[in-house]
Amino acid sequence: MALPIAPKPLLRRFHQARWDEPVIFELSVPGERGVLVSEIEVEIGKSISTELHPVIARKVAPALPQMGQMKVLKHYLRLSQENLGADLNVDIGQGTCTMKYSPKVNDLIIRRAELFDLHPLQDPDKSQGALEIIWRTQEILAEVSGLDAVSLQTSSGSAAIWANVAMIRAYFQSIGEGDIRDEIVTTIFSHPSNAATAKAAGYKIITLHPDENGYPNIEEYKKVISHRTAALMITNPEDTGIFNPHIKEIVELFHSVGALASYDQANANGILGITRAKEAGFDLCHFNLHKTFSTPHACGGPGAGASCVTAKLEKFLPSPIIVKQGERFILDDDRPSSIGKVAPFYGVLPNIVRAYSWIMNLGAKGLREVAEVAVLNNNYLLKNMIQIKGATAPYAPNRPRVEQVRYSWNELFEKTGITTEEIGLRALDFGLHYWTSHHPFIVPQPLTLEPTEAYSREELDEYLNVLRHIAKEAVDNPEIIRTAPHNQTVHQTAHEDFDNPERWAITWRAYLRKYPEVSKRKRAKS
Amino acid sequence: MALPIAPKPLLRRFHQARWDEPVIFELSVPGERGVLVSEIEVEIGKSISTELHPVIARKVAPALPQMGQMKVLKHYLRLSQENLGADLNVDIGQGTCTMKYSPKVNDLIIRRAELFDLHPLQDPDKSQGALEIIWRTQEILAEVSGLDAVSLQTSSGSAAIWANVAMIRAYFQSIGEGDIRDEIVTTIFSHPSNAATAKAAGYKIITLHPDENGYPNIEEYKKVISHRTAALMITNPEDTGIFNPHIKEIVELFHSVGALASYDQANANGILGITRAKEAGFDLCHFNLHKTFSTPHACGGPGAGASCVTAKLEKFLPSPIIVKQGERFILDDDRPSSIGKVAPFYGVLPNIVRAYSWIMNLGAKGLREVAEVAVLNNNYLLKNMIQIKGATAPYAPNRPRVEQVRYSWNELFEKTGITTEEIGLRALDFGLHYWTSHHPFIVPQPLTLEPTEAYSREELDEYLNVLRHIAKEAVDNPEIIRTAPHNQTVHQTAHEDFDNPERWAITWRAYLRKYPEVSKRKRAKS
Amino acid sequence: MADRSKSAHPYIPNSNPDVKKAMLDYIGVDSIEAFYSDIPKNLRVQGELNLPDPFLNEQDLVRHVVGILNKNTPQGEMLSFLGAGTYNHFVPAVVDEVINRSEFLTAYAGDPYEDHGRFQALFEYESMMAELVNMDVVNVPTYDGMQAAATSMAMAERITGRNKILVASRINPDKLSKVLNYNQMKLEFVFINEIDGQPDLAGIEKHLDSSCAAIWVETPNYLGTLCTKIQAISEIAKRNDSLLIVGTDPIVLGILESPADQGADIIHGDIQSLGIHCWFGGGHGGFIAVHDDTKFVMELPSRLFGMESTSVEGEYGFGDVAYERTSFALREEGKEWVGTAAALWGIAAGVYLALMGADGMVEVGQTIIARTRYAAKKLGTISGLKISDSALQFREFVVDSTESGKNAKELIALARKRNAEIGVPISEYELLVCVTEMNTQRDIDQLFDLMSEIVRAK
Amino acid sequence: MADRSKSAHPYIPNSNPDVKKAMLDYIGVDSIEAFYSDIPKNLRVQGELNLPDPFLNEQDLVRHVVGILNKNTPQGEMLSFLGAGTYNHFVPAVVDEVINRSEFLTAYAGDPYEDHGRFQALFEYESMMAELVNMDVVNVPTYDGMQAAATSMAMAERITGRNKILVASRINPDKLSKVLNYNQMKLEFVFINEIDGQPDLAGIEKHLDSSCAAIWVETPNYLGTLCTKIQAISEIAKRNDSLLIVGTDPIVLGILESPADQGADIIHGDIQSLGIHCWFGGGHGGFIAVHDDTKFVMELPSRLFGMESTSVEGEYGFGDVAYERTSFALREEGKEWVGTAAALWGIAAGVYLALMGADGMVEVGQTIIARTRYAAKKLGTISGLKISDSALQFREFVVDSTESGKNAKELIALARKRNAEIGVPISEYELLVCVTEMNTQRDIDQLFDLMSEIVRAK
Ligand SMILES: Cc1ncc(COP(=O)(O)O)c(C=O)c1O
Ligand SMILES: Cc1ncc(COP(=O)(O)O)c(C=O)c1O
């Protein structure tokens with residue numbers, strides 16, 4: 001042992017932080033306090049009782065943990081280290097989710113009282129800044145989609161799709177076709193939320209399957225549309241990363257039977273400034289600000305959704321909308337055809353401001369650069385991936401992909417019995433997240449990679465090297481894969497109980513109730 | 001594998017995050033950028049050249065890494081996870097350093113433009129808030145020490161001690177004894193900075209050693225003081241945690257020969273509101289705001305020092321001081337006897353505000369509670385520690401300790417050959433920091449534990465359990481200790497090169513220069 | 001020296017021309033255009049998007065955006081008594097510290113291995129919420145309380161197979177708008193007016209029939225009134241095999257008996273009060289709680305994180321309970337849908353509850369009650385204003401200004417001139433005033449002075 | 001319900017009376033007093049400390065402290081051209097993100113194992129600074145640039161065994177105060193006035209003798225003037241076996257040849273410009289750079305983090321180089337002293353340099369030069385003001401107002417009335433004006449308008 005230091009091996013020798021933390025209730029010590037509450041002033045205390053009506057007064061205080069402040073902090077900091085986070089990861093394995101850099105400057109910008117300490121019902125004269133940013137973001141997204149009007153009220157992509165479905169429904173009700181048009185057409189490689197929200201709105205769902213090109217033949221659409229069709233709800237490029245070049249024709253087909261067409265642009269990352277809802281003739285579309293527009297994913301929300309519509313549908317947008325009047329920004333709530341509220345107030349402001357900042361740092365040229373480099377990165381991965389033995393990119397052979405590719409490990413599986421889930425668990429040992437794509441697995445043993453613009457070539461190579469290595473291990477040493485993860489916070493987790501109502505434990509209290517031996521043990525200890 | 005889950009073992013199964021990160025230069029890719037700079041306006045660009053005089057213009061840009069922003073962030077986030085941090089640790093193993101909870105609310109309070117974006121020379125009318133907090137903190141610390149005047153200009157404890165030495169020097173110069181009084185007396189269990197700063201100020205150092213009580217017999221002081229003595233500089237309780245009850249007598253002894261007495265109260269945590277510099281007659285003392293008063297240690301600074309003096313020495317305090325005039329706070333710089341500047345401007349403002357907030361959350365009662373619980377925690381540890389086979393608490397047997405104890409593993413070492421350093425490395429495997437105390441090791445195989453008020457009984461027990469376990473391992477399985485750490489970011493580090501000028505590498509460029517094979521390898525790779 | 005035009009964008013490392021070229025060469029194509037060959041010309045945007053000029057460097061960007069935001073005035077810089085859906089409660093610093101951790105802020109959909117922390121934190125959130133409501137099952141938060149309400153109704157429809165909801169409390173109109181629109185294809189809503197702020201039991205009985213899926217009560221209701229009749233309504237519902245759905249705000253549950261203990265089958269609400277800033281109304285999350293009964297659990301659309309053992313003894317593992325319910329698994333055959341929701345706010349609420357503990361939740365309830373009652377009492381002494389009995393009010397109450405001759409909008413306008421927000425107008429002469437633990441006695445006394453003044457003002 | 005008096009303090013978990021009692025019982029004493037038995041009665045504080053009433057809960061505390069801080073006006077809300085030791089440069093968000101990470105913010109003195117991250121980050125800081133200065137050794141930051149200067153002189157004394165420093169540049173008076181006081185027992189300082197802002201070579205030669213430990217030059221000097229004579233002075237120094245010590249600001253080193261390449265033996269300065277906010281003057285750190293020469297390295301008092309191999313191939317380890325120099329190891333026999341210093345600012349500066357990269361450092365230098373020159377040129381056109389040649393000015397320059405009849409203090413007072421800070425007075429009629437990349441053309445044009453106006457004002 002002495003200088004110089006040998007070269008590092010090809011693969012990172014990773015271990016995730018492991019704190020073996022108890023569940024927070026186990027850290028409770030009677031009498032400890034995490035934070036004290038503003039006290040009732042002596043004068044108020046003298047004259048005012050705090051008793052509640054005896055019928056409703058709580059008799060037993062809730063059994064929350066009692067912990068000193070540093071203990072609470074420490075527990076959650078440790079848990080945070082046990083969480084990978086896009087900031088620490090080469091997060092290209094979560095295809096369809098557009099994991100990209102959420103710039104820290106945008107987080108810094110939002111952490112100010114001038115944003116977090118605004119009440120939605122305060123004098124609009126004192127929230128002109130917030131309203132201005134919402135309005136500007138609406139304007140920008142109108143241009144990015146090519147459509148005419150935008151609402152930022154929803155807090156996720158699916159909720160924005162929901163709002164779009166609700167507007168479709170309202171539109172047909174407004175023209176007296178609400179009862180007739182009860183079908184919505186989607187494709188199996190469109191995000192599940194298109195089907196699910198439409199179903200929740202009361203529609204019957206017709207799902208088309210792809211041919212060898214990766215998308216349904218246009219003839220399939222012709223077979224299913226009719227006067228009962230309310231709308232097409234489609235992602236394009238679909239989850240395969242394949243762009244359906246017939247999209248305009250398809251939209252026209254729907255229009256020809258009086259139906260609408262709604263475009264799921266949750267992920268517009270590969271086509272920013274390249275092609276839009278407008279060019280293909282869509283009536284509605286939505287964006288996820290938490291994907292394409294970089295707001296952080298926040299462990300699964302809050303996100304922020306944008307619903308964009310043509311002028312024809314503008315009056316159905318959720319209320320209020322923010323409009324500019326002279327130099328002032330006002331809330332317009334007087335909109336009788338509106339579908340009303342889909343979410344509280346005006347949307348997830350911190351995310352709207354973040355997205356606005358992100359866009360304003362890039363401009364039109366920058367957005368296009370985002371798209372181009374995302375697509376470049378994706379095709380670079382594709383070129384490499386299909387050279388890995390056992391991996392394929394189903395459909396449309398030799399065609400480029402847009403922003404992502406749904407790969408298949410089926411060949412590897414057939415040869416070795418190693419599944420995509422197992423590969424995923426093994427990838428964790430190298431500090432990389434890997435997701436096996438949405439059910440149902442139309443593509444067998446799927447893996448969807450979406451590199452976005454945020455990752456450097458070296459990082460893409462790191463990911464590829466790990467996959468190459470695991471593909472080789474599947475042949476040479478499958479046991480190490482089957483017993484993975486080895487270098488993670490926890491080890492292989494059982495899962496039978498998760499689907500067994502008698503045995504599952506969704507909360508600590510349910511766990512103690514269902515497994516009294518644990519409570520007994522705990523009581524014995526203390 | 002199924003619910004319920006078995007009890008956790010006694011010791012935490014810990015692994016620190018391991019990212020195996022390259023050195024940042026290895027992450028550089030030509031052309032990448034982390035942040036762009038405000039551009040020269042077109043109009044300025046047209047009329048103004050940016051060329052420097054050719055004699056001094058840099059010809060080759062500095063060889064800094066070139067990295068995208070997310071890559072920079074990711075690198076440092078990963079390094080941060082590879083750093084333990086008091087927030088994540090049961091940080092009682094860094095005795096003498098008063099590791100305690102640095103409340104997050106205080107960090108939140110300081111992160112505002114009204115503090116970080118103030119210029120020290122801006123209109124004092126526009127920085128009254130900052131001046132007010134400095135002034136209030138001065139007043140509070142005067143009361144906590146019992147002395148008359150306070151400067152918060154320094155950024156560490158040692159620097160505050162330095163300021164105190166410089167004032168002692170100025171004092172004797174002012175009374176014409178500057179040349180005569182050239183000796184300073186300290187004790188071996190006073191913090192090394194007392195001796196070192198005094199030496200840097202030009203003094204000869206006389207260091208007294210303890211008797212079996214843990215402090216020098218008062219007769220030893222009598223032997224060394226004379227008209228050449230400038231001052232006593234002493235910590236009390238000393239690093240052993242033993243309070244010298246004769247301190248008032250000792251101070252009087254120094255006064256009797258015309259010398260001053262300066263009290264190192266870096267760590268006053270066990271005696272807040274219990275005893276002060278005033279009561280023992282000291283002329284000067286200092287506090288570390290980053291210890292007793294909770295400001296975060298910041299990887300080793302910035303801290304914040306407070307120098308406190310009696311009225312007699314007030315005129316020597318560093319300039320400016322902050323004084324209250326009517327309702328205004330002003331900077332007084334017109335102080336001809338002042339030692340001048342010891343540091344820029346008015347001190348480390350963020351830390352002064354943090355300390356102020358901490359004190360204002362506790363008040364007099366709270367500070368005393370801090371002291372009492374710190375001492376309780378310490379004596380709880382002591383009671384447990386001396387029951388561990390192989391561990392002892394040298395000096396003053398059966399006496400209580402104040403806020404810390406210097407223990408010795410000498411018995412364990414003699415029996416097993418396991419050193420305190422080795423125990424320290426093994427403790428890391430359980431996620432605990434352990435420090436072997438300052439050189440020189442007067443106490444053989446030392447360990448100084450200082451639990452402060454911040455840790456709960458359960459946390460103290462966790463630390464004790466680990467030490468008990470290691471003490472047992474030393475007998476049963478010493479090899480596992482000798483090869484530790486096993487669950488850390490890195491493994492046993494060589495150290496010979498650190499003391500070999502031919503081989504050490506203090507910077508990446510020096511490394512590449514001294515080990516040309518590395519550069520060659522890197523060139524070959526790219 | 002430096003040629004600034006060649007810089008890669010800081011967020012796009014491979015935008016550096018040399019890297020691009022090398023990658024294109026590797027792939028074997030000439031230009032990025034090649035990857036767009038599937039997009040027909042007539043679908044292509046002509047030229048550049050028409051967007052405002054960007055601020056390419058961070059310094060200028062910050063100046064621009066912060067410049068706009070500074071046109072806002074935060075509540076902290078005024079006297080504010082606004083509620084009506086978004087509430088100004090105290091957020092301990094530790095909450096923000098935790099949810100701003102990169103690891104939590106930027107994570108998304110990792111497995112229960114590399115995202116163990118997220119799973120555990122949300123399991124703990126579920127568990128602490130469960131203690132508040134005394135029920136064994138709480139979801140990973142959905143978007144907001146409005147969605148939680150809407151979904152609770154939809155669940156009742158699926159559970160009972162019936163299609164009518166009796167609305168027995170006065171509901172926040174925004175929430176109602178959402179609930180009605182959401183459920184319009186499947187549920188009919190019948191409104192039964194409150195009497196003196198309490199549900200009208202006789203009215204409920206009158207409308208009860210075999211099509212009644214559930215009775216919907218809120219406590220506090222839109223006007224801040226706590227409901228004393230939940231137990232009674234629950235008995236009525238039970239007799240009819242209808243469900244009792246109760247909306248509440250969890251911040252009251254330190255002092256209020258959980259509706260579950262008075263017979264509620266489904267409890268829903270918004271968690272914004274639990275450690276989440278106002279964010280101009282953009283900081284909401286919804287919870288739904290049910291008993292650990294398959295019939296109910298299987299109708300929840302949200303994710304449910306449960307605990308599990310691992311291959312190592314004593315190690316806590318986590319994962320998705322009953323994943324096959326969800327739209328992720330089943331598309332339109334799943335329960336409603338699931339996706340990005342409000343997980344980070346759930347973590348925030350969990351940290352908040354852990355910090356507060358039992359004592360904190362009791363105390364904050366007491367402080368709010370005390371200050372609400374104090375404010376109601378004081379304002380009631382102003383001639384021209386009428387406040388109904390505040391004994392059952394929590395955090396909000398109604399001020400009726402009819403007698404003063406000034407309507408709510410006029411009063412608000414006068415107050416705003418004095419940098420104060422005195423409440424939300426809910427009818428021409430009625431103001432909904434909100435008092436939280438953030439409004440100290442001094443604030444309330446100031447409100448009193450101000451109201452006295454503006455009521456009299458000419 | 002809740003008895004608020006029995007709560008443990010949130011920062012002191014064991015302050016709960018039951019826990020205290022249990023611990024005392026375990027120890028076997030009656031009360032905490034027992035632990036203080038060594039502290040004689042006459043040393044005990046009588047009664048309680050006389051401190052202001054505390055704000056026991058976080059909500060009230062925040063309101064109190066933020067209330068005081070809000071009396072400040074940040075530079076961002078005025079027109080500001082202040083420098084003279086603390087500089088308003090842009091701080092990228094990532095810098096604050098990194099140094100606010102709990103792990104870095106609260107760590108202290110861990111081993112190179114559990115604190116691997118801190119060691120690596122500071123090694124990288126040293127290494128990036130080393131590239132800026134083109135020297136192989138840079139310390140873990142000391143307190144500030146003033147201390148770095150003072151220590152550089154002390155090092156020269158120890159290295160050469162000589163006791164005189166020739167001060168050839170105009171030095172910031174605060175820094176000078178520190179350096180003189182620090183070194184008063186060991187060094188004599190001889191001041192050689194500059195000629196036209198440049199060191200006086202002849203003057204230096206005149207004072208050079210065998211007692212001369214070093215010549216001290218600053219570039220930029222106190223007035224912002226870059227020094228063109230370092231090479232020449234280095235040759236003079238070398239001939240006399242004296243050292244050349246150069247003070248600089250690292251933010252200029254993207255465009256300025258490193259003084260090391262012109263013969264400097266020790267370079268020192270402040271790192272506040274590199275990603276650290278102004279903090280009212282409380283955000284400073286000092287660097288000292290030397291060549292990798294034992295004679296120099298062994299005289300550095302600060303910690304030096306070096307790289308090492310570990311027992312695992314390819315793993316980077318880190319640790320303290322030449323620890324036996326330090327006061328930690330040797331008490332008064334160490335080199336000056338070491339302790340808590342400014343490590344976190346070192347990490348900040350490292351992150352800053354990594355973000356900026358070579359191009360960024362060049363560009364920021366160019367932007368500052370361009371705007372400084374533009375400002376000097378514009379202000380020079382105002383009649384009554386005189387600005388000397390700005391060709392060698394970096395970031396600061398002097399405005400002489402003699403001809404206007406208004407002195408510096410008057411001008412400043414007039415400007416402050418208009419919410420502007422126009423500079424720092426350095427003599428009766430001289431103002432030191434500072435222009436950084438934060439001052440855009442618009443700001444400078446506003447400064448011009450304002451100066452034109454106040455120079456004319458009656
Ligand atoms: C194409 C597409 N549509 C919709 C969604 C749903 O978005 P959210 O998770 O925000 O509900 C996603 C996210 O995975 C998506 O990729
Ligand atoms: C008693 C004592 N004095 C002085 C110091 C020096 O403080 P600093 O590290 O801030 O220079 C310390 C810190 O370890 C200390 O414990």
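Owing to the predicted nature of the structure, the values given are computational and were not obtained by experimental measurement. Just so you know, these numbers use all the heavy atoms, side chains as well, and skip hydrogens, waters and symmetry mates. Proteins come first, then strands; the chains are lettered A, B, ... in the order of their sequence lines, and each starts at number 1.
Inspection of the Gln16(A) and His116(C) side chains reveals no N or O donor paired with an N or O acceptor under 3.5 Å. Between the side chains of His433(A) and Glu114(C), at least one donor N or O sits under 3.5 Å from an acceptor N or O. Side-chain atoms of Asp292(C) and Trp504(A) form a donor-acceptor pair, as typed in the model, at a separation below 3.5 Å. Asp107(A) and Asn100(C) share no donor-acceptor pair across their side chains, judged by distance under 3.5 Å alone. No side-chain N or O of Thr489(A) forms a donor-acceptor pair with one of Tyr113(C) less than 3.5 Å apart. For the 3.5 Å distance criterion, the side chains of Thr50(A) and Arg373(C) fail to qualify, holding no donor opposite an acceptor.
Between the side chain of Asp174(C) and the backbone N or O of Pro344(A), no donor-acceptor pair lies under 3.5 Å. Judged purely by atom type and a 3.5 angstrom limit, Lys178(C) has no side-chain atom pairing as donor or acceptor with the backbone of Lys341(A). A donor-acceptor distance shorter than 3.5 angstrom exists from the side chain of Thr507(A) to the backbone of Asp136(C), with no hydrogens or angles considered. Asn14(C) places a side-chain N or O within 3.5 Å of a backbone atom of Arg457(A) that can act as its donor or acceptor partner. Using modelled atom types, one side-chain atom of Glu421(C) and one backbone atom of Asp123(A) make a donor-acceptor pair closer than 3.5 Å. At distances below 3.5 Å, at least one donor-acceptor pair connects side-chain atoms of Asn72(C) with backbone N or O atoms of Glu114(A). Using a distance-only test at 3.5 Å, with no hydrogens or angles considered, no donor-acceptor pair links the side chain of Glu131(C) to the main chain of Leu64(A). Formation of a donor-acceptor pair under 3.5 Å by the Glu315(C) side chain with backbone atoms of His491(A) is found in this model. Between the side chain of Thr275(A) and the backbone N or O of Leu43(C) there is at least one donor-acceptor pair closer than 3.5 Å. The backbone N or O of Thr493(A) lies less than 3.5 Å from no partner atom in the side chain of Thr310(C), so there is not a single donor-acceptor pair.
Minimum interatomic distance between Pro296(A) and Leu105(C) (heavy atoms only, all atoms of both residues): CB-O, 3.3 Å. Here the closest heavy-atom approach between residue Ala343(C) and residue Ala298(A) is recorded as CB-O, 3.9 Å. The two residues Gly360(C) and Arg33(A) come nearest to each other via the heavy atoms CA-NH2, 3.5 Å.
Heavy atoms of Tyr356(A) lying under 4.5 Å from chain C belong exclusively to its side chain. Using a 4.5 Å cut-off between heavy atoms, Arg112(A) touches chain C through its side chain atoms alone. Only the backbone of Ala34(C) comes within less than 4.5 Å of a heavy atom in chain A; its side chain stays farther off. Looking at Arg368(A), the atoms closer than 4.5 Å to chain C (heavy atoms on both sides) all sit in the side chain, from C-beta outward. Heavy atoms closer than 4.5 Å to chain C are found in both the backbone and the side chain of Asn377(A). With a 4.5 Å cut-off on non-hydrogen atoms, Leu88(A) touches chain C through its side chain but not through its backbone. Heavy atoms of Ile247(A) lying under 4.5 Å from chain C belong exclusively to its side chain. Neither the backbone nor the side chain of Ala198(A) comes within contact range of chain C; no heavy atoms are under 4.5 Å apart. Contact of Glu32(A) with chain C is not made at all, since no heavy-atom distance falls under 4.5 Å. For Ile506(A), the parts lying near chain C are the backbone and the side chain together; criterion is any non-hydrogen pair under 4.5 Å. Contact of Val353(A) with chain C is made through the side chain alone, with heavy-atom distances under 4.5 Å. Proximity to chain C involves both the backbone and the side chain of Gln122(A), based on heavy atoms less than 4.5 angstrom apart. Only the side chain of Gln488(A) comes within contact range of chain C, with at least one heavy atom under 4.5 Å from a heavy atom of that chain. Looking at Ser49(A), the atoms closer than 4.5 Å to chain C (heavy atoms on both sides) sit in the backbone and in the side chain alike. Interface residue Pro65(A): backbone and side-chain heavy atoms are both found under 4.5 Å from chain C.
One finds the CD1 atom of Ile56(A) at 6.5 Å from the OG1 atom of Thr228(C) (value rounded to the nearest 0.5 Å). For the atom pair NZ of Lys126(A) and CZ of Arg416(C), the computed distance is 8.5 Å after rounding to the nearest 0.5 Å. We find the OH-CD1 distance between Tyr374(C) and Ile44(A) to be 5.5 Å, quoted to the nearest 0.5 Å. A distance of 4.0 Å separates OG of Ser37(C) from CZ of Arg399(A), quoted to the nearest 0.5 Å.
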Worked verdict on Ile109(A) versus Leu69(C) for side-chain contact (heavy atoms from CB on, under 4.5 Å) = CA-CA 9 Å; Ile109(A) 282 173; Leu69(C) 289 177; 3.9 Å; yes
request  = Begin with the C-alpha distance, continue with both residues' side-chain angles, and end with the deciding distance and a verdict on ring-ring contact (aromatic ring centres under 6.0 Å, His included) for Tyr346(A) and Phe280(C).
outcome  = CA-CA 8 Å; Tyr346(A) 331 115; Phe280(C) 204 40; 4.9 Å; yes
ask   = Hey, mind stepping through Leu79(A) and Phe104(C) against side-chain contact (heavy atoms from CB on, under 4.5 Å) and telling me if it holds?
value = CA-CA 9 Å; Leu79(A) 294 188; Phe104(C) 282 140; 4.1 Å; yes
request  = Report the C-alpha separation of Val362(C) and Arg58(A) in whole Å, then their side-chain angles, then the decisive distance to 0.1 Å, and conclude whether the side-chain contact (heavy atoms from CB on, under 4.5 Å) test is met.
outcome  = CA-CA 9 Å; Val362(C) 171; Arg58(A) 187 159 188 145; over 6 Å; no
inquiry  = If you apply the rule side-chain contact (heavy atoms from CB on, under 4.5 Å), what do you find for Ser47(A) with Lys377(C), and how did you get there?
reply    = CA-CA 10 Å; Ser47(A) 60; Lys377(C) 192 173 142 188; 3.9 Å; yes
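In terms of the ring-ring contact (aromatic ring centres under 6.0 Å, His included) criterion, residue partners of Tyr511(A) (sequence neighbours excluded) are, by chain and number, Trp508(A), Tyr515(A). Scored by the salt bridge (charged side-chain N to carboxylate O under 4.0 Å, His left out) test, Lys365(A) finds Glu48(C) as partners (sequence neighbours excluded).
The aromatic rings of His277(C) and Phe116(A) are tilted relative to each other, their planes meeting at an angle between 30° and 60°.
Of the charged side-chain nitrogens involved, none lies within less than 4.0 Å of a carboxylate oxygen, so that Arg44(C) and Glu279(A) do not count as a salt-bridged pair. Of the charged side-chain nitrogens involved, none lies within less than 4.0 Å of a carboxylate oxygen, so that Glu126(C) and Arg509(A) do not count as a salt-bridged pair.
Here the two rings, on Tyr323(C) and His495(A), have centers that are 6.0 Å apart or farther. Ring pair Tyr26(C)/Tyr380(A): centre-to-centre distance below 6.0 Å.
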